[in-house]
There are 2 protein chains.
Amino acid sequence: MFSVPTQPETARPFLTWQRILDWAQDHYRCRTFNKDEKIPARAGLLYLVQKGAVRLVGEAQVSATASSSRVPRINSEEAFLGFVGAGQPFEIVAQSPFTLQSFAHVDQTAVIWLYWHDLDNWPHFRREVLDAFRYQHQRKLLWLSTLGQRRTIDRLLGFLTLLIEEFGEPCEEGYCLPWALTHAQIGSAIGSTRVTVTRLMGKLRQKGLIRTYGDNLLCLPAEAVSRNQESS
Amino acid sequence: MFSVPTQPETARPFLTWQRILDWAQDHYRCRTFNKDEKIPARAGLLYLVQKGAVRLVGEAQVSATASSSRVPRINSEEAFLGFVGAGQPFEIVAQSPFTLQSFAHVDQTAVIWLYWHDLDNWPHFRREVLDAFRYQHQRKLLWLSTLGQRRTIDRLLGFLTLLIEEFGEPCEEGYCLPWALTHAQIGSAIGSTRVTVTRLMGKLRQKGLIRTYGDNLLCLPAEAVSRNQESS
């Protein structure tokens, strides 16, 4: 596994990260968002999550089932594309026929933004940011691997495994996703519906492949995660 | 759209690219592969496609339907994860529960490999490579956006649109993917089967949303691509 850290306070060289935070404060390049508030991200800018978590969402404008290809398509669908945790960068490149958007996934999500050339002052940090995108790219390839699976239940288990492997925190039950995710959001990621996800989550729970913890947080049993890590 | 070039000969600073090619020849870091030959890529190395095209494939080892989670799962599935064209970098990070692999997609595909520290001599080129991964990451987010769509025909059209938007070349019919892709490969990318893809491709052709050209190459009508580019 790539070892790009998700906890900036401990893993980033403290001084650089602190200097960038100070710089962002001085230049009014920092803002805090409430849960589900849209982060008005623009193409060409670089965003860093200082605190909380960001949810990336894609919106498809292409539909083969629209009545006419000349008419604006109204049946657009939103897809959950993943989280960006504290200390991680993200960027949004608006691109037809799909639109990418970012939302605060939890309250008190703080985001910093920079122009790429602002990083000229911190070449080492720029390298870290680019390496973080390399890592995110590799994770998305794994994500695509599971979305290629034919059975929805396999896609669902693969998706949850990848998400918890990346963001999970140890808990009594094993490893636990620290943020809630609705069944509709899960369905939107794996090309399925809320109803189907609810049914298949029941099946996975019955088989002991997933658990829920506390306030409906998703967990993988410790065996599942350690088995994966052993063979990696 | 990002403007990362796919044609190294014209778009890379010629001298750097030529120097890297010479260096790779001198150090026996260059090899040519036949169609569908596996490229033995290892984690930690950086690969550059000099000529031809590379096909990335993911293999899922996770299955909710295996008889027991303790028993090695045999019903693994391979998913097509995209192309890497000439002048583009790729890397493979083996990661349980998924395995990434690379294959030559066409005959005479030439690949160069380097250690990351080899790029210490060419810092500007390293920056280009990292920017190319940034671009690939953004494309994969768009790809995930379409795979979140519920109807298979929408996923199929979105997938083909993205692929042709990225790699398509102008032809009489519009824009055309320069390499063949089997219906089984397409199915493996969008979580469907060869049979379903064949049926839905027929539907898309009937609606005039896709065409085929020459030796079964996939095309998008010019209107579709230009419409997308206008609104981007």
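From a predicted model like this one, the values you see are computed outputs, not experimental measurements. Only this structure's heavy atoms are used, side chains among them; waters, hydrogens and symmetry mates stay out.
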Do Gln138(A) and Leu100(B) have side chains that get closer than 4.5 Å, going by heavy atoms? yes

Between Leu156(A), Leu141(A), Ile190(A), which residue shows the highest count of heavy-atom pairs closer than 4.5 Å to chain B? Leu141(A)

Interface moiety of Leu204(B) toward chain A, non-hydrogen atoms closer than 4.5 Å: side chain

So which of Leu56(A), Leu162(A), Leu200(A) has the biggest tally of heavy-atom pairs under 4.5 Å with chain B? Leu162(A)

Do Glu77(A) and Ser145(B) have side-chain heavy atoms sitting under 4.5 Å apart? no

Could you tell me which of His137(B), Arg127(B), Lys140(B), Gln136(B) has the largest number of non-hydrogen atom pairs under 4.5 Å with chain A? His137(B)

Report, as yes or no, whether the 6.0 Å neighbourhood of atom CZ on Arg42(B) holds more than 12 heavy atoms from other residues, nucleotides or ligands. no

Neighbourhood of chain B inside residues 191-198 of chain A, taking heavy atoms under 4.5 Å as contact: Gly191(A), Ser192(A), Thr193(A)

Separation between CD of Gln149(B) and CD of Glu78(A), rounded to the nearest 0.5 Å: 12.0 Å

Part of Arg150(A) within contact of chain B (heavy atom distance under 4.5 Å): both

Check against side chain to side chain contact (heavy atoms under 4.5 Å, CB included), Leu144(B) and Trp143(A): CA-CA 8 Å; Leu144(B) 287 174; Trp143(A) 193 327; 3.7 Å; yes

Could you walk me through whether Leu142(A) and Val93(B) satisfy the side chain to side chain contact (heavy atoms under 4.5 Å, CB included) test, starting with their C-alpha distance in whole Å, then the side-chain angles of each, then the deciding distance to 0.1 Å, before giving a yes or no? CA-CA 10 Å; Leu142(A) 300 177; Val93(B) 177; over 6 Å; no

